[in-house]
**Student:** 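Okay, here's the structure, questions in a sec.
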Amino acid sequence: MRLDVFCRVVDNFGDAGVAWRLARQLAAEHGVEVTLWIDAPATLVRMVEGFDPARTEALYDGVRIERLDDAADTAVDALPAIVVEAFGCGLPPAYLNRMAAAPVQPAWINLEYLSAEPWIESVHGLPSPHPRLPLTRRFFFPGFTAATGGLLRERDLFARRDAFRGVDRAPRPFTVTLFCYPNPALPALLDAWSSASATLCRVPEGVATAGLAAWLGRPPPPPGSSTTRGRLTIETVPFGTQDQYDRLLWGADFNFVRGEDSFVRAQWAARPLAWHAYPQSGDAHLVKLDAFLDRYDAGLATDAAAAMGALSRAWNRGDGPAAAAAWPALHAAHATLREHAERWSAALGALPDLAGNLLDFCRNRL
Ligand code: TRH
């Protein structure tokens with residue numbers, strides 16, 4: 001089966017990260033012949049092992065990665081059976097016309113953004129007729145329940161995670177990882193960590209650079225090195241491949257993540273987390289945060305839920321004093337939060353994964 005994934009990079013890494021992760025899994029686990037059409041292939045250079053944007057003839061983990069150029073007639077070969085449009089990015093006009101003219105039209109899927117909001121279930125899978133062409137695309141919503149498209153999760157993910165943990169025995173202080181958007185709450189949190197018990201904060205290169213530099217009074221340390229102030233050590237780690245990032249999350253006690261893909265990976269890491277939702281106008285991201293916390297808090301002890309809620313909401317509001325004030329209670333509830341994170345990951349892991357759901361969804365329509 002052939003499948004094309006289309007992706008346009010709005011900003012940051014998530015659009016490309018999600019599209020690549022889906023493409024890679026479909027090729028690796030379902031033997032699908034996948035082409036990822038992306039308008040900014042360079043975004044993938046650090047995420048994809050050995051990726052060279054100039055070498056489009058090569059396959060990367062079984063996936064062909066091509067530059068998406070609207071001017072070019074993208075579909076050189078026969079049309080695929082399935083077309084996935086990541087995040088409503090829009091298909092090239094020539095390609096759309098070929099789909100409309102095709103005797104057998106591909107299944108056309110619009111992969112939406114992840115949300116924990118309940119209304120997702122009522123719109124997942126709904127058709128959307130094209131305004132001009134005899135084409136219909138279907139909305140496919142990732143989500144946290146069986147009534148949604150599910151979450152991206154590779155078949156061997158838990159086995160790889162647990163194997164890593166089996167050998168990751170080096171003694172270390174309480175370790176947090178920091179993958180966030182620029183956040184005015186960061187200096188206050190760093191102050192809290194530097195006066196609390198020993199803490200190691202591991203930061204991928206290029207993340208929170210201005211906030212760290214302001215707090216340190218100099219640029220953050222280069223990748224592979226660290227600096228200590230009070231009880232806090234800040235270590236800069238290279239921005240690695242997606243698999244390397246997974247290991248960073250697996251080796252920590254608490255993960256600060258953002259956007260979409262790292263948010264999901266932190267849940268598979270089965271460790272407590274704070275999610276910095278992608279800021280949206282009208283604070284729509286705070287509604288998404290509340291929807292997630294409402295789901296996540298189910299079965300979590302009240303004091304631990306209160307601590308996580310206080311930190312997460314202060315962090316997303318950029319409220320430094322409130323985030324710093326919330327940290328001691330969260331740290332004290334860490335054991336409870338960790339057990340819950342393991343339960344949460346296992347419960348989500350019992351649901352079918354997004355890549356498999358997407359193929360089943362299409363098969364029912366082909
Ligand atoms: O980079 P992001 O902020 O992406 C965002 C979100 O996707 C958001 O929904 C979207 O609207 C916006 O972009 C435009 O965060 P996200 O989603 O976590 O994506 C980061 C990707 O980077 C993820 O696939 C993991 C990957 N990554 C690595 O491969 N190596 C690394 O070292 C790190 C830190 C991340």
Side-chain angles (χ1 to χ4, degrees), residues 17 20-21 24-25 28-29 46-49 61 144 150-180 193 196-205 207 223-224 226 232-275 292 296 299-301 304 307-308 311-312 327 330-355:
W20 162 249
R21 194 180 294 286
R24 185 187 185 197
Q25 187 179 0
E29 296 180 13
R46 290 187 290 177
M47 283 191 256
V48 179
E49 189 73 48
D61 290 337
F144 297 89
L151 300 170
L152 284 169
R153 185 187 73 249
E154 298 83 3
R155 235 174 245 155
D156 64 349
L157 177 61
F158 289 171
R160 286 189 287 121
R161 178 198 67 192
D162 299 346
F164 171 89
R165 290 216 168 115
V167 294
D168 175 44
R169 294 252 173 257
R172 55 175 166 73
F174 187 87
T175 300
V176 301
T177 69
L178 184 66
F179 183 50
C180 60
W193 291 340
S197 53
T199 301
L200 169 63
C201 177
R202 311 186 78 195
V203 190
E205 182 196 6
V207 173
S226 64
L232 173 62
T233 296
I234 295 174
E235 178 194 354
T236 302
V237 298
F239 190 105
T241 64
Q242 287 189 329
D243 291 350
Q244 287 164 334
Y245 182 60
D246 274 336
R247 291 192 284 274
L248 188 75
L249 297 172
W250 299 343
D253 300 294
F254 193 95
N255 293 306
F256 284 77
V257 288
R258 71 186 208 193
E260 179 157 338
D261 193 56
S262 61
F263 172 44
V264 173
R265 302 316 281 188
Q267 295 174 62
W268 297 139
R271 287 290 179 269
L273 63 98
W275 174 40
F292 172 70
Y296 194 83
L300 178 57
M308 179 172 172
L311 176 76
S312 300
W327 184 259
L330 185 131
H331 194 261
H334 185 261
T336 304
L337 287 166
R338 178 174 157 152
E339 283 165 23
H340 182 71
E342 286 161 358
R343 279 195 303 272
W344 174 262
S345 179
L348 280 183
L351 295 173
D353 72 278
L354 185 148

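This structure is a prediction, so every number in the text was calculated from the model and none was measured.
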**Student:** Does T241 offer a backbone N or O that forms a donor-acceptor pair with the side chain of Q244 under 3.5 Å?
**Tutor:** yes

**Student:** From T175 OG1 over to E235 CD, what is the distance, rounded to the nearest 0.5 angstrom?
**Tutor:** 8.5 Å

**Student:** Parallel, tilted or perpendicular for F263 and F292, by the 30°/60° rule?
**Tutor:** perpendicular

**Student:** Can you name the residues that form a ring-ring contact (aromatic ring centres under 6.0 Å, His included) with F254, not counting sequence neighbours?
**Tutor:** F256, W327

**Student:** Rounded to the nearest 0.5 Å, what's the gap from CD on Q25 to CG on L157? Could you check?
**Tutor:** 9.0 Å

**Student:** Cation-pi between R161 and F164: NZ/CZ under 6.0 Å from ring centre and within 45° of the ring axis?
**Tutor:** no

**Student:** Answer yes or no: is there a donor N or O on one side and an acceptor on the other, between the side chain of R271 and the main chain of A341, under 3.5 Å?
**Tutor:** no

**Student:** I'd like to check I234 versus W193 (side-chain heavy atoms, cut-off strictly below 4.5 Å). Are they in contact?
**Tutor:** no

**Student:** For the residue pair L337 and L300, establish whether any side-chain heavy-atom pair is separated by less than 4.5 Å.
**Tutor:** yes

**Student:** To the nearest 0.5 angstrom, please state how far the CG atom of N255 sits from the OG atom of S262.
**Tutor:** 9.5 Å

**Student:** How about R46 and P204: do any of their side-chain heavy atoms sit closer than 4.5 Å?
**Tutor:** no

**Student:** Looking at every heavy atom in both V207 and C180, which two are closest together, and how far apart are they?
**Tutor:** CG1-N, 3.6 Å

**Student:** Does the R172 side chain pair with the main chain of G251, one donor and one acceptor, at a distance under 3.5 Å?
**Tutor:** yes

**Student:** What is the distance from atom CD of Q267 to atom CG of L273, rounded to the nearest 0.5 Å?
**Tutor:** 6.0 Å

**Student:** Working to the nearest 0.5 Å, report the span between CH2 of W20 and CG of D61.
**Tutor:** 4.5 Å

**Student:** Does F239 have any ring-ring contact (aromatic ring centres under 6.0 Å, His included) partners at least two apart in sequence or in another chain, and if so, which?
**Tutor:** F13

**Student:** Is any side-chain N of the basic residue among E29 and R21 closer than 4.0 Å to the acidic one's carboxylate O?
**Tutor:** no

**Student:** Compute both the distance and the angle, then confirm whether R153 meets the cation-pi test with W268: under 6.0 Å from the six-membered ring centre, within 45 degrees of the axis.
**Tutor:** yes

**Student:** Tell me, do M308 and H340 make a side-chain contact under 4.5 Å, heavy atoms counted?
**Tutor:** no

**Student:** Check the surroundings of atom CD in E342: do more than 12 heavy atoms from other residues, nucleotides or ligands lie under 6.0 Å from it?
**Tutor:** yes

**Student:** Could you check whether any side-chain heavy atom of V176 comes within less than 4.5 Å of a side-chain heavy atom of C201, counting everything from C-beta outward?
**Tutor:** yes

**Student:** For V237 versus P223, what's the shortest heavy-atom pair and its separation?
**Tutor:** C-CB, 4.4 Å

**Student:** L151 pairs by side chain to side chain contact (heavy atoms under 4.5 Å, CB included) with which of L348, D353, L354, L351?
**Tutor:** L348

**Student:** Does the side chain of P272 come within less than 4.5 Å of H334's, by heavy atoms?
**Tutor:** yes

**Student:** Nearest 0.5 Å, what's the CG-OG1 distance between L330 and T336?
**Tutor:** 10.5 Å

